[in-house]
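One structure is given here, and the rest of the page talks about it.
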Number of protein chains: 2
Amino acid sequence: MYRELSDKMTRHRVVSFLSHLRKNDLTMNQYKILSLIEQQGPWLPNRLAEHMELKAATITYLVDALEQRGLVARTPNPSDGRSHYVNFTETGRQLVLDARSEGDYAVMESFRQMDQDEADHLYILLRLLGKKLFP
Amino acid sequence: MYRELSDKMTRHRVVSFLSHLRKNDLTMNQYKILSLIEQQGPWLPNRLAEHMELKAATITYLVDALEQRGLVARTPNPSDGRSHYVNFTETGRQLVLDARSEGDYAVMESFRQMDQDEADHLYILLRLLGKKLFP
DNA sequence: TATTGTTATACTCTATAACTATA
DNA sequence: TATAGTTATAGAGTATAACAATA
């Protein structure tokens with residue numbers, strides 16, 4: 001049943017996801033903002049900063065970049081005039097859905113930079129995890 | 001037998017490895033150079049650039065930083081006067097061995113930035129991997 | 001003439017500090 | 001007075017291009 005999950009398939013998903021990001025000129029954190037909106041709706045910049053462990057000024061920088069390209073929009077926060085919600089546009093929504101369908105960036109991040117030594121350590125860890133998950 | 005591998009233990013290794021890097025003021029790629037030397041002996045800058053997928057100028061920058069702190073040294077390449085080998089000093093060797101004993105940076109890289117959605121994807125992937133590794 | 005590595009320079013992403021507007 | 005977000009500025013890490021030395 002799970003035979004089809006070959007290394008080749010995994011690699012293909014990773015590569016096509018990366019090329020999708022590159023093609024659309026999105027950085028990891030830009031993609032992450034779109035992805036968080038897709039998961040949980042509009043976000044306040046401060047919540048994004050907290051969740052992504054970045055400073056508010058950095059969120060401004062990232063949202064500015066996304067906004068200039070028409071991928072997100074800022075809309076007023078009715079209950080606090082100092083802040084605003086960050087939501088994606090239809091274009092932004094389509095882009096993140098396309099990217100997600102092409103791969104998974106957690107997997108990519110995990111495997112992208114592995115060398116042999118790291119892979120060995122991960123293999124050991126997977127064996128240990130496997131024993132826990134499938135005793 | 002594997003009961004001891006609790007989340008707590010894993011987290012402890014990761015945290016202590018990170019604080020080791022911070023304490024010694026080493027970036028990931030500086031550590032990686034030391035680690036590669038520990039695995040395979042002295043390296044030529046061009047081979048490092050290839051292997052780490054960085055440009056030669058960036059390797060110069062990284063090696064300069066390590067050299068100024070006495071963690072690596074450049075020694076002539078007898079068979080090509082244009083290049084040199086990058087090897088660690090005894091201090092550098094001790095540092096990478098200490099770091100390795102405190103954690104594993106592949107594991108750290110994999111888990112450090114995960115949010116819930118990413119964790120879900122990884123869980124699914126681990127289930128699939130588990131079926132392959134422990135059928 | 002081609003290649004290795006360095007230097008000079010610029011760009012991206014992040015942070016800190018000072019500021020504006022609102023609470 | 002405190003908080004949310006922006007602006008200005010700086011620093012770390014990367015890349016590109018021009019260069020020197022050697023092959």
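In what follows, every heavy atom counts, from backbone to side chain, and hydrogens, waters and symmetry copies are set aside.
Phosphate contact (OP1/OP2 of C/dA15, side-chain N/O of A/T58, threshold under 4.0 Å): present.
Side-chain atoms of B/D80 lie closest to C/dT4 of the nucleotides C/dT4, C/dT6, C/dA17. Candidate nucleotides C/dA17, D/dG5, C/dT6 were compared by shortest atom distance to the side chain of A/H84, and D/dG5 ranks first.
If you take CD1 of A/I59 and P of D/dT7, they are 15 Å apart, rounded to a whole angstrom. Note: NZ (B/K55) to C1' (C/dT9) measures 17 Å, nearest angstrom. Per the geometry, CG belonging to A/N46 stands 12 Å off C1' belonging to D/dT6, to the nearest Å. B/K32 has its NZ atom 15 Å from the P atom of D/dG13, to the nearest Å. Regarding B/N29, its CG atom lies at a distance of 12 Å from the C1' atom of D/dA12, rounded to whole Å. Rounded to an integer number of Å, the gap from B/E53 CD to D/dG13 P is 19 Å. When rounded to the nearest whole Å, the span between CG of B/D64 and P of D/dA12 equals 15 Å. A/L26 places its CG atom 11 Å from the P atom of C/dC13, with the value rounded to the nearest Å.
Backbone-only engagement by A/S83 is indicated by non-hydrogen atom pairs under 4.0 Å involving sugar-phosphate atoms exclusively. When heavy atoms are screened at a 4.0 angstrom cut-off, B/L54 is found touching the sugar-phosphate backbone but no base atom. Residue A/L62 is in sugar-phosphate contact alone, with no base atom involved, counting any heavy-atom pair closer than 4.0 Å across all strands shown. Among the heavy atoms of the strands, none lies under 4.0 Å from A/N77. B/R74 comes within 4.0 angstrom of the backbone, heavy atoms only, and of no base.
If you check the side chains of A/S79 and A/N77, you find a donor sitting under 3.5 Å from an acceptor.
Between A/R82 and A/Y61, the residue anchored nearer the 5' end of DNA chain D, judged by the nucleotide with its closest heavy atom, is A/R82.
Taken from OG1 in A/T60 to CG in A/L48, the straight-line distance is 10.5 Å, to the nearest 0.5 Å.
Between the side chain of B/W43 and the main chain of B/N87, no donor-acceptor pair closer than 3.5 Å is present.
A salt bridge is defined here as a Lys NZ or Arg NE, NH1 or NH2 lying under 4.0 Å from an Asp or Glu carboxylate O, and A/R93 with A/E38 fails to meet this definition. Using a 4.0 Å cut-off between a side-chain N of Lys or Arg and a carboxylate O of Asp or Glu, A/R69 and A/D64 do not qualify as a salt bridge.
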